[in-house]
Amino acid sequence: MANILSKFYVKTKPLSIKEYKENGGFEGLEKALHKMKPQEILDEVISSNLKGRGGATFPTGLKWQFTANESNETKYIICNADEGEPGTFKDKVLLEGCPFLLIEGMIIAAYAVGGTKGYIYIRGEYPKSKEMLRNAIGVLKDEGYLGDKILDTDFSFDIEVRSGYGAYICGEETALIESIEGNPGRARTKPPYPPNKGLWGKPTLVNNVETLANIPIILSMGAEKFKEYGTASSSGTKLISVSGSVVNKGVFEVEFGVTLKDIVYETCGGLTENSKFKFLQLGGSAGACLPENLLDTKLDFDDLRSRNISLGSGAILVADDTTCLLGFIKATAEFFEHESCGKCTPCREGNKHVTKLLDKIVNGVATVEDLEILKDVALTMKEMSLCGLGQAAPTALLTTLNYFEGEYNEHIKGYCRTGVCFMKGGEVVNE
Amino acid sequence: MNKVTINIDGRDITVKDGATILEAAKELNIQIPTLCYHPDQSIKGSCRVCTVEVEGIENLQASCCTLVRDGMKVRTNTKRVRDARKKVLELIIASHNDNCLACVRSENCELQALSKELSMKETRLEKIVSNVSIQDDNPSIVRDSSKCIKCGRCIEVCHDVQGVGAIYNLNRSFNMEIGTPLGKDLSEISCVYCGQCINVCPVGAIYEKTDIDRVWKALEDEGKHVVVQVAPAVRVSIGEEFGMPPGSILTKKMVAVLRALGFNKVFDTDFTADLTILEEGNEFLHRLNGGGTLPMFTSCSPGWVRYIENFYPELLDHVSSCKSPQQMFGALAKTYYAEKENVDPKDIVVVSIMPCTAKKAEAARDEMIDSGYQDVDIVLTTRELGRMIKESGIDMISLPEEEFDEPLGISTGAAVIFGASGGVMEAALRTVYEVVTGEELENIDFVNLRGIEGFKEAVVKVGDLDVKVAVVNSLMSAKKVLDMVKEGKADYHFVEVMCCPGGCIGGGGQPIPGTNEIKRKRVEGIYNADKKLALRKSHENPAVKVLYEEFLEKPLGEKSHHLLHTHYVDRSN
Amino acid sequence: MCIVLEDKTMEIIDNVGNTPDKLLEVLIAVQESSEENYISEEQLVSVSKGLGVTLSKAYGVATFYSMLSLKQRGKYVIQLCNSAPCYVNKAFEIIRAFEENLGIKVGEVTDDGLFSLEFVSCIGACHMAPAVKINDEVFGNLDRFKVKSILEEIIRRER
C-alpha cells in the first residue's frame, strides 16, 4: 500500500509542527514561497496531472490556471470539507489526522493563483474536525505560516473555518459558496464557474481536502516523481473509504491502477464470515452498483470512463447477499429525497416520485407500469437536473435496473428473496 | 465583443459571445418553450423546460442558462427533446392544483399555455398536491401554495426590486415552498401589499383579494348611492383585458361601461390628483420657506408609505402629510359632494378602480374616516374591473364614448400623468413654478423626469431658486434615497416616490403580463392623454377652483387639514 | 421577549459577527447554546434584526439546513444514520432498538425532555456501521445490547 498521504496522519500527531516537519511537512511550502514563481507552481501542478479528489475529477492545475488568469485584487481559496457522500470518510481522516497538510496546500494554492483569503467549509456532522482545524489555524498563525508576511515573504494569507449544518448539497461548489455567503445552499447555474465568478462574485478556487493535501507532496517530491505513482491517466494515490460487509473497513491509501477486486479481497481481507458478495457501490450513494463480474474494473480514470462508471469520492460499499436490493435502493433514494435543495424541477419532484414508487415496490403493491414510470422519472432526473446532485441521484437505481432487474420484478410479483421486505400490506413473505 | 457562430437545427447563426442558446434561437425565430424565464428578471434555470440537445454533451441542457460556444451544434426539435420537455412538465403538473375552471388565471396562465404548446396528455404520475391552506388574512393579497410552481420570480421581485423580502424559499426538496416566515400572514410581517409578486407569477398562486361581489351587492342595493372613481393609470391599461394593445387610451369607453354597470356617478381620481398638487405644492413651498423638513417625499403611493412606515419610521417627517388622491376623493365624496347633491353620506358607497393592490389596504387604514364614515368603501384593481365587465356581458369596446360626471370628474393633463413615474413631480413643477414666479411656464414637458428607469433627478430653476428634485420608482430605488437622507447626502428639495416599477402603470393591480416593454407603452399612452387635453396644469382646473371657493377656502386651510391631510405610523416592530 | 434570551442572542452575534454572511454560523451558535438544542422564534427574530437580514430569509436558512431545529429537542439528540452503508449493516434494527427502549418514534422527544430521536445523513462513521451520533459523540458497531447500555449510562449520569 502507498503511504505518501497516509504517512502524515499515521506518523504524526495532528497539531505537532515538529513531527509534521520531520516527515517532510512544509517542504513544499518553503520551496514554493522561496524558490518558485507562481506560474512555476501552476506549471508543476498541471504537469503532475492531479485530478480533483472530490468526485468531479477535473484537472486541478487547469482550475488553478483559470483562477490565476483572472485579474482581480480579491480572490478566494476554499477548501471543500463538506464530505457528505454516504460511505465517504477519508477527508475526515485528513482533517482530524493531519490538518496541516491541507492548510499547507491551501497556502500554496493562494500563493500560486493570487488568493487573498481562505475558507475551510466543514460539514456540521464533523464537530471534532471543525475544532481541530480551528486549533490548527491558531497554531500556524502563531508560527508565522498564516497571517501577514508568511515565512518572511511579502505574501499574506488567512483562513476562516465555516460550518455546514446538515446539507449534502453544500458539497457542490456553487451551493457551498452560497452557504458561505449566508444563504441556503442551492446550486447556481453554471457558467459562470467559480474561477471566474465565485464567492461574492470574485474569482474563487474550490478544492477538495484530499486534492489540497496532495499539493505539498507534489511540490516537495516534484511532479515527475509524483507521476511515478498511479497510471498514465491517473497519477498519484487515492484515499478510499471502505464500508459494508468486508473484514477490514476503513480508509486506505491505494495507488491508482488497482482493481476493485484487489481492494475488496486483498486490502480489505474479503467479505465477512459466511457472507456472499452481492454488489459493490463505487463512489458513494451517487455511484454505480456493480455486480461481481465488474470487479476487474481498475481504479483508473480511463478504464472507468470506458465503462461509464464514475469514481466519485472513492467510497466503496460492499453489500452481501443478505441485503435486499430494493431496500437498499429505497434507503438511497430517501437520502436524495431528503437532500435535494428543491430548486430545479427534475430533482425536487423526481426524487419524491421515485421514493413513492419504491415504497410501492417494497410493499409489494407496485405494477409493471410503475416500474416503467420509475425508469422514466429516473432518466429525466439524470438528463435534466440542474446540478450534479439530481443528475447522479438515480445512478444506483439505473445501474441496478440494468444489472439486477430480476430482483425488481420479483418484488413486483410480491416476493423478496432476502425476506427483509414486508409484502402485501404487512404479510411477511418468504420467512 | 467577440462573435461566435453556432448551428441550431441545421441553421447557422452568429451571435455575440456570452449569449445563451435561448437568445440565439430567438434570432432564428426558433421558439423554445420556457416557464421560469421572465424577460425582466435574472436567469433562474430551475424549471428545466427549455431543454435542448447539444452535440457532444450527454445530458440535455437548459437553453436559458447555457452559453453559446463557437461551433456548437444544437437541436431543439428532436423526439428526445420533445419527450423530455413533456416529462419535466408532467412532474410540474403532478404537484400543481390544476383546478383551472375555478382559477383566476385561467386562460392567462403560463403553465396552461405551455401545456397546450407541448400537447400534454393525461399524466401517469401520481398527483401529489400540497395541502397547505390559502393565506389571505389581509386586505390585499391571496397566496395559494397549491398552485405554486416554485419558479422564484416573486421572491426576486420582493427582495431585489422592492427590497421588502416578505417571502422566501422555505424548507428544501419536495417540501420547498415559497412562503412567509414562521407561517405568518402577510399582515403580520413587513409586506407592503405592492402586489408585484402577483404581476410576475406565471400561474394563479398569488392574486388580489377580490371585492367584486361587494361592488355588485352595493350596485343592486336601491338605498345606496354608488359613486366610482378611476385612477389615471387604469385608462391606458384596461384595454389589455380585452385584447387591445397596451397604452390604448380608453378613458371615455371606460366611463361608458362604468355607467352601464350601474354606478350612479362616474368620477375621476384625476380630480383629486389636481387637488393633491395644490395641497402638496403649497406644503412644499411652506416647508421650503418655513424651514420644514426637506427633502419632502410624495405620499400618493400606499405601498411606499407602508414601506417607510415599516423600514424607515425615523424619516416619516419627510413624507408629505397629503392623503393620496384616492383618499382625498373619498373624504370629499362623503362631505362636499354629499352636501352639494343633498345625499346622506351614510348612503354613499365610494368605489375606486385602482392599478394597485396596496390601495385596498390604504382604504382600510383606521384613520381614513375623516368624512365621519369610511372614506373609501371598496377598491377594485384594473384586473377586477376587467372581470366585472366580462361578467356583465357588456361589450366595452363597442360602447359609444361618454364623459365623466361633474364636478368630481373634471381634471387636467397634470393629473393624468400621475399614472407614470415622474408624473407627480412634473405636475407639481408645472404648478409650483407658476405660483412662485407668477409667470407662465413655457415648456411644461419635463421629459428628463419621464420613463421607467428607477432613479431620475433634475435641477429646475424656479425664480431665484434652483430646485433639486429626484424621481424614484421601485422600493429598492426609494431605499437608495432614504439611505442618502439618513447619511445626510441627499440635497434634494423634493422627491417623488412610486412604489411600483414604472409608477402606477406598473402597479400590482394591472393587467398581466406587465413586462417593461408593456410598461413603456402604457407610459406612452399616459403622456399622449396629457397632450390631448386643453388644460394641463392642476391650478387651472376649474372644478378645483370652485371646490376651494365653495368649501375648502384655501390650500392647507382648516378644512383641508381635516379632510385632505393625514399622519403616519411607525410599524417597524 | 425575554430580555435575558435577547441579550444572550446579541452576545452570540457580537462573538460570531454581525454581517449577513454569518447567518448560518450565528444560528448554529444560538442552537448550540440552547439546553433544548433548538432556536426559538424570538431568537430567530433577534438574529434577523441583529444581522440585518429579512426574517423570511432567516427562516428560509433555518429550515434549509437539516441540523438546525425550530422545535424543542431533547437534551440528548440521538441522530440515527440511515444512509446506505449503515443500511447494509442493518441499521433498521438499531433504529427499532432505540425506539423501543425510549418508547418514542423517530422525530419525537421523550416526555422528560432528555432524548430526541432523529434521522441524520451519513456521519462518516461507516467503518463502524451501524452508527449513531449523540450530541457530538459518535457510537459505532452497535447492536441492541449496546443501544440499551448507552442509554442506561446516560440516564445514570443524569440522575
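Each chain gets a letter, A, B and so on, in the order the sequences are listed, and its residues count up from 1. Heavy atoms only: backbone and side chains are in, while hydrogens, waters and symmetry mates are out.
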K.L.:
Does NZ belonging to Lys73(B) count more than 12 external heavy atoms closer than 6.0 Å?
P.N.:
no
K.L.:
Can you tell me how far the CD atom of Glu126(B) sits from the NZ atom of Lys352(A), to the nearest 0.5 Å?
P.N.:
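Interatomic distance, Glu126(B) CD to Lys352(A) NZ, rounded to 0.5 Å: 9.5 Å.
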K.L.:
At their closest point, which heavy atom of Glu369(A) faces which heavy atom of Arg124(B), and how far apart are they?
P.N.:
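Smallest interatomic distance, heavy atoms only, reads OE2-CD, 3.5 Å.
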K.L.:
Taking the side chain as C-beta and beyond, is there a heavy-atom pair between Glu339(A) and Arg172(B) under 4.5 Å?
P.N.:
yes
K.L.:
Find out whether Met384(A) and Lys87(B) are in side-chain contact, i.e. whether some heavy atom of one side chain is under 4.5 Å from a heavy atom of the other.
P.N.:
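Side chain of Met384(A) against side chain of Lys87(B), heavy atoms only: no contact under 4.5 Å found.
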K.L.:
Does Ser173(B) use its side chain to pair, donor to acceptor, with the backbone of Glu337(A) at less than 3.5 Å?
P.N.:
yes
K.L.:
First locate atom OG1 of Thr345(A), then atom CG of Leu91(B), and finally report the distance between them rounded to the nearest 0.5 Å.
P.N.:
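Thr345(A) atom OG1 to Leu91(B) atom CG measures 7.5 Å (nearest 0.5 Å).
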K.L.:
Heavy atoms only, distances under 4.5 angstrom: which of Glu349(A), His338(A), Lys190(A) has the most pairs with chain B? Name it, please.
P.N.:
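It is Glu349(A).
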K.L.:
Nearest heavy-atom pair of Gly45(B) and Leu386(A): which atoms, and what distance?
P.N.:
O-CD1, 3.1 Å
K.L.:
Quick check for you: to the nearest 0.5 Å, what is the distance between Ser385(A) atom OG and Leu60(B) atom CG?
P.N.:
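One gets 11.0 Å once the value is rounded to the nearest 0.5 Å.
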K.L.:
How many angstroms lie between OG1 in Thr380(A) and CD in Glu90(B), if you round to the nearest 0.5 Å?
P.N.:
8.5 Å
K.L.:
Is any side-chain heavy atom of Val377(A) less than 4.5 Å from a side-chain heavy atom of Leu125(B)?
P.N.:
yes
K.L.:
Non-hydrogen atoms of chain B under 4.5 Å away: do they reach the side chain of Arg188(A), the backbone, both or neither?
P.N.:
neither
K.L.:
State, to 0.1 Å, how close Cys65(B) and Pro191(A) come at their nearest heavy-atom pair, and which atoms those are.
P.N.:
O-CD, 4.0 Å
K.L.:
Tell me, out of Ile128(B), Thr51(B), Asn175(B), Ile149(B), who's got the most heavy-atom pairs with chain A below 4.5 Å.
P.N.:
Ile128(B)
K.L.:
Kindly say whether Phe174(B) contributes a backbone atom to a donor-acceptor pair with the side chain of Asn351(A) at under 3.5 angstrom?
P.N.:
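Checked: no pair found.
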K.L.:
Testing the basics here: between Met176(B) and Cys341(A), what is the closest heavy-atom pair and its distance to 0.1 Å?
P.N.:
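Result for this residue pair: CG-O, 4.2 Å.
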K.L.:
So for Ala84(B), is it side chain, backbone, both, or neither that comes closer than 4.5 Å to the heavy atoms of chain A?
P.N.:
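The answer is both parts of Ala84(B).
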K.L.:
What option among Ala94(B), Cys151(B), Cys64(B), Ser95(B) has the most heavy-atom pairs under 4.5 Å with chain A?
P.N.:
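The option with the most such pairs is Ser95(B).
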K.L.:
Would you call Glu383(A) and Arg80(B) a salt bridge, taking side-chain N to carboxylate O under 4.0 Å as the test?
P.N.:
yes
